Amino acid sequence: GENVEQHPSTLSVQEGDSAVIKCTYSDSASNYFPWYKQELGKRPQLIIDIRSNVGEKKDQRIAVTLNKTAKHFSLHITETQPEDSAVYFCAASRGGLTFGKGTHLIIQP
Amino acid sequence: SAVISQKPSRDICQRGTSLTIQCQVDSQVTMMFWYRQQPGQSLTLIATANQGSEATYESGFVIDKFPISRPNLTFSTLTVSNMSPEDSSIYLCSVRDEVRASYGYTFGSGTRLTVV
């Protein structure tokens, strides 16, 4: 089955700086790669996603890149703000979602 | 995106008993998914529920422990059977949005289960 590795497990950045979270996947049949933000006690919320026929996608301060050959994809958050503090999960799918272990992003004021 | 109503939102159960969790979607969806999120951890897919056929379980999960029903295209239940404290987790249902081209997955609000 699919295996998704996510790094780092914890990331602390200064407010206004950029944050990058990286994931690798194992199943070349996976064709959909979402990123979720989960705040304490809440359900995961989709923040951006990318399909396997696209290399990059951007939505305001958030971008995702996908390298199918290397089987890795990354989340980029620019101009970080305190409200970006949360746990972020990457996932890969060809049906149900296989999640990475998560990254606890801490924005230092 | 689809709106999911999941209940109960939380429950405290005695070991050895069973709990059934319900998910209702405001639109017809082909596939519904059930996940478990243990405290402080990531989400793990339990099974995929398709209407009109048996659920497909992921490695490590079995039908006797987590029976699933999918009577129609808007509703599903997950039962956690013969519970032990190790079953204490958040259980979430999810659907794939079949309207948006990006096929986003939406989650219910989750059921926080504590087994004592």
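Values in this document were obtained by computation on a predicted structure and should not be read as measured data.
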Side chain, backbone, both or neither: which part of A/Pro34 has an atom under 4.5 Å from a heavy atom of chain B?
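Answer is neither: A/Pro34 stays 4.5 Å or more from chain B.
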Chain B contact via A/Gln38 - side chain, backbone, both or neither, heavy atoms under 4.5 Å:
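Just the side chain, heavy atoms under 4.5 Å.
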With a 4.5 Å cut-off on side-chain heavy atoms, are A/Ser93 and B/Tyr105 touching?
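They are in side-chain contact.
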B/Ile4 and A/Arg43: which non-hydrogen atoms are nearest, and at how many Å?
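Distance-wise, the nearest heavy atoms are O-NH1, 4.4 Å.
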Using a cut-off of under 4.5 Å for heavy-atom pairs, which of A/Gly95, A/Gly1, A/Ala91 has the most such pairs with chain B?
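Greatest number of close heavy-atom pairs with chain B: A/Gly95.
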Same cluster or not: are [X] and [Y] linked, directly or through other Ile, Leu, Val, Met, Phe, Trp or Tyr residues, by side-chain heavy atoms under 4.5 angstrom apart?
X	Y	answer
A/Val64	A/Val20	no
A/Ile50	A/Leu75	yes
B/Ile90	A/Phe89	yes
A/Val13	A/Trp35	yes
B/Leu92	B/Val80	no

If you count the non-hydrogen atoms of other residues, nucleotides and ligands that lie under 6.0 Å from CD in A/Glu15, is the total more than 12?
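Atom CD in A/Glu15 is crowded, with more than 12 foreign heavy atoms closer than 6.0 Å.
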Using a 6.0 Å cut-off, check whether atom CZ of A/Arg61 has over 12 heavy atoms from anything other than its own residue.
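Atom CZ in A/Arg61 is crowded, with more than 12 foreign heavy atoms closer than 6.0 Å.
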Indicate, with yes or no, if the rings of A/Tyr36 and B/Phe107 have centres closer together than 6.0 Å.
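Here the rings of B/Phe107 and A/Tyr36 have centres that are less than 6.0 Å from each other.
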Give every donor-acceptor pair under 3.5 Å between a side-chain atom in residues 97-109 of chain A and any protein atom, sequence neighbours left out.
| unit_1 | atom_1 | unit_2 | atom_2 | d |
| --- | --- | --- | --- | --- |
| A/Thr103 | OG1 | A/Gln6 | NE2 | 3.0 |
| A/Thr103 | OG1 | A/Pro8 | O | 2.5 |
| A/Gln108 | NE2 | A/Ser12 | OG | 3.0 |

Under 4.5 Å, heavy atom to heavy atom, which residues of residues 76-85 of chain A contact chain B?
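Not one residue of residues 76-85 of chain A has a heavy atom under 4.5 Å from chain B.
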Taking heavy atoms only and a threshold strictly under 4.5 Å, list by residue number the residues of residues 34-52 of chain B that touch chain A; give 'none' if the list is empty.
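B/Tyr35, B/Gln37, B/Gln41, B/Ser42, B/Leu43, B/Leu45, listed by number.
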Taking 4.5 Å as the heavy-atom cut-off, does anything in residues 57-75 of chain B contact chain A, and if so which residues?
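Residues of residues 57-75 of chain B touching chain A at under 4.5 Å: none.
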